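I have placed the structure first, in the form of structure tokens, so that the comments after it can refer back to it.
As the structure is a prediction and not an experimental result, all values here were calculated from the model.
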Number of protein chains: 2
Amino acid sequence: MGSAMNAHQHRERRTSVENELAFNVDRSSPVPLYYQVIQGVESAIRSGTLRPGCLLDSERKLATMLNLSLPTMRKAMDELVLSGRLVRKRGVGTQVASHSTSPLVLSSLYEELASSGKKPTTTVLSFIRQEADRDTLTKLQLSPGSGVYHFTRLRLAEGSPVALMENWVRDDLMTLKPEMLSSDGLYAVLRQGGVTFRLASQRIGASLTSACESSLLENEVGSPLITMERTVSDDAGQMIETGRHVYLADSYSFEMTLVQR
Amino acid sequence: MGSAMNAHQHRERRTSVENELAFNVDRSSPVPLYYQVIQGVESAIRSGTLRPGCLLDSERKLATMLNLSLPTMRKAMDELVLSGRLVRKRGVGTQVASHSTSPLVLSSLYEELASSGKKPTTTVLSFIRQEADRDTLTKLQLSPGSGVYHFTRLRLAEGSPVALMENWVRDDLMTLKPEMLSSDGLYAVLRQGGVTFRLASQRIGASLTSACESSLLENEVGSPLITMERTVSDDAGQMIETGRHVYLADSYSFEMTLVQR
DNA sequence: CAGTGGTCTAGACCACTGC
DNA sequence: CAGTGGTCTAGACCACTGC
């Protein structure tokens with residue numbers, strides 16, 4: 001409607017479009033105001049109300065509209081820019097990034113498969129609680145004698161093997177049971193146990209399928225695999241988990257978005 | 001020395017250690033104050049003055065010490081926490097993260113090799129300026145008829161092939177010459193041309209060496225390769241470059257640190 | 001209860017872009 | 001020159017942790 005009425009004004013240089021931030025902040029909510037703004041903008045982008053390239057109102061105007069102070073508004077915009085959803089140009093304004101893929105998050109194979117509609121299942125091949133070996137002590141920065149859960153899992157999508165995963169998790173955070181791992185991804189289980197992730201360092205490479213891997217993954221010996229080693233630490237900087245995974249290159253690849261700072 | 005003298009005090013609960021933020025901000029500098037603090041803390045961590053686990057003074061104390069306002073101090077701390085170098089605990093304080101790897105940055109194979117002491121060189125195998133094909137138009141979000149540089153390069157470390165790279169770069173940013181690419185990495189060349197990177201989306205997978213790749217990479221047909229496709233956009237959200245690379249899995253892997261938000 | 005980080009406000013002045 | 005984002009200040013009150 002609006003665009004029809006203003007058809008003769010379309011000469012304007014700006015890639016601007018209407019932007020309707022049709023949300024309001026709820027001051028009685030325990031959710032911080034700046035975070036409500038982040039969620040509001042994110043959902044407006046997701047729903048298409050805020051389209052890529054669209055120029056937002058100025059920070060001052062938005063702050064006034066939502067009855068927020070400028071610093072609070074800026075804090076929200078800061079995070080949206082940092083995560084790559086918005087682009088700021090000094091003297092010009094703030095736009096929705098044209099390239100609005102989801103930001104980099106700790107990817108969970110299980111969740112990825114589930115959200116892409118492929119039914120993920122897990123077969124727990126082995127599961128023990130044991131004293132950590134030297135290598136694990138180092139990787140998890142544990143003191144000698146500490147215990148870990150050590151398990152291997154086969155991940156399937158729609159019943160076909162996709163990945164073979166071996167993990168070591170410190171045993172003083174929560175009680176792990178094999179049953180938990182067969183019905184959910186590892187990260188979901190740990191999150192439920194109250195773990196909040198912070199940093200993951202990982203190394204991704206490639207290798208050829210060995211005879212042993214082949215029998216589990218039901219693929220040919222010598223076919224390409226993606227290898228990943230990952231160590232994850234929590235909020236408090238404490239190491240939580242380390243693992244070695246291999247993925248069928250024919251049915252999986254790592255997608256990620258890096259934000260340059 | 002210090003540890004011997006204080007041996008009997010080791011009972012204290014805090015992992016705290018002295019923290020000497022032995023830097024001062026320079027108010028005449030064009031570098032923002034909060035950024036000077038970030039740099040100061042980062043260099044203190046790098047140099048070992050601030051050791052992992054070390055408890056910092058409170059934000060209020062640090063602000064007073066450096067003659068900064070609390071919000072400015074907090075902005076610096078915010079970014080240090082976000083990039084994973086510090087860990088905050090409400091009611092307790094702020095510690096240096098035990099796990100202080102470098103944050104995720106747009107990795108450049110050339111720079112990685114150079115900084116690890118391996119002498120990188122590049123052979124430019126082909127180089128043309130051409131009208132973008134359909135696929136490239138889509139990936140770089142260009143309008144039909146736009147031009148791109150299209151080139152393939154062989155990257156060597158200490159004279160041995162490591163990677164085979166094919167790239168497409170929009171041609172309206174700067175003038176590219178093959179000579180530039182043989183003496184420097186692509187990103188360094190683009191940065192010099194005034195491009196500031198912002199987001200990269202990439203997909204990493206694995207494959208087997210083909211006959212053609214084998215002849216260039218001097219490895220065996222069927223040996224494992226890491227494959228990467230990447231598209232990079234700049235500050236303004238404009239797509240800059242897209243490429244398809246393959247790396248010898250035996251001599252390279254992708255290392256990265258993910259920060260969970 | 002003293003001290004910490006978490007959130008929020010109401011300003012100020014600057015550098016920059018587009019007209 | 002009006003409008004934008006970029007930086008900075010000086011406060012306020014809260015929730016939480018450890019003693």
Side-chain angles (χ1 to χ4, degrees), chain A residues 9 11-16 19 25-39 41 54-82 86-97 196 198 235-237 261, chain B residues 11-16 19 25-39 54-82 86-97 196 198 235-237 261:
Chain A
Q9 291 177 14
R11 214 160 298 217
E12 58 181 12
R13 299 290 307 293
R14 316 190 134 198
T15 33
S16 145
N19 69 80
V25 295
D26 171 8
R27 305 196 79 103
S28 68
S29 160
V31 178
L33 302 178
Y34 76 90
Y35 200 75
Q36 292 184 38
V37 174
I38 292 175
Q39 290 177 321
V41 172
C54 169
L55 192 65
L56 298 186
D57 282 328
S58 78
E59 298 175 348
R60 286 165 179 80
K61 201 175 291 183
L62 287 172
T64 314
M65 278 166 52
L66 294 174
N67 250 300
L68 295 172
S69 73
L70 186 52
T72 298
M73 194 66 214
R74 272 194 69 80
K75 171 152 188 171
M77 303 295 267
D78 278 349
E79 299 216 6
L80 287 161
V81 168
L82 226 48
L86 300 181
V87 175
R88 279 205 271 230
K89 294 181 196 174
R90 182 190 279 213
V92 180
T94 305
Q95 280 182 301
V96 178
T196 50
R198 176 93 202 109
D235 244 11
R261 304 198 50 200
Chain B
R11 214 161 296 218
E12 60 179 14
R13 298 293 304 294
R14 313 190 136 199
T15 35
S16 147
N19 69 81
V25 295
D26 172 8
R27 305 196 80 102
S28 67
S29 159
V31 178
L33 301 178
Y34 77 89
Y35 200 75
Q36 293 184 38
V37 174
I38 292 176
Q39 290 176 321
C54 169
L55 193 65
L56 297 186
D57 282 328
S58 77
E59 299 174 346
R60 287 166 178 80
K61 202 175 290 181
L62 287 172
T64 315
M65 279 166 51
L66 294 174
N67 250 299
L68 295 171
S69 73
L70 186 54
T72 299
M73 194 65 214
R74 271 193 71 80
K75 170 152 189 171
M77 304 293 268
D78 279 348
E79 298 216 5
L80 287 162
V81 168
L82 227 48
L86 299 181
V87 175
R88 278 203 271 230
K89 295 181 196 173
R90 181 189 280 212
V92 180
T94 304
Q95 281 181 301
V96 177
T196 50
R198 177 94 201 110
D235 245 10
R261 307 199 48 201

If I take atom CD from residue Gln95(A) and atom CG from residue Leu56(A), how far apart are they, to the nearest 0.5 angstrom?
8.5 Å
All side chain to side chain donor-acceptor pair (under 3.5 Å) counterparts of [X], not counting sequence neighbours:
X: Thr72(A); value: Ser69(A)
X: Gln36(A); value: none
X: Arg74(A); value: Glu59(A)
X: Lys61(A); value: none

For DNA chain C, produce a single dot-bracket line, 5' to 3'. Pairs: Watson-Crick or G-U wobble, both distances under 3.5 Å. Symbols: ( ) within strand, [ ] crossing, | other strand, . unpaired.
|.||||||||||||||.|.
Its contact letters, B for base, S for sugar-phosphate only and - for none at protein heavy atoms under 4.0 Å, make nucleotides 6-14 of chain C read BBSBB--B-
Side-chain N or O of Ser58(B) versus OP1/OP2 of dG3(C): is the shortest distance under 4.0 Å?
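No, outside the criterion.
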Residue list, side-chain contact (heavy atoms from CB on, under 4.5 Å) with [X], at least two apart or on another chain:
X: Arg90(A); answer: none
X: Thr64(A); answer: none
X: Ser28(A); answer: Asp26(A)

What is the distance, rounded to the nearest whole Å, between atom NZ of Lys61(B) and atom C1' of dG5(C)?
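In whole Å, dG5(C) C1' lies 14 Å from Lys61(B) NZ.
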I need the CG-P distance between Asp57(A) and dG3(D), as an integer number of Å.
13 Å
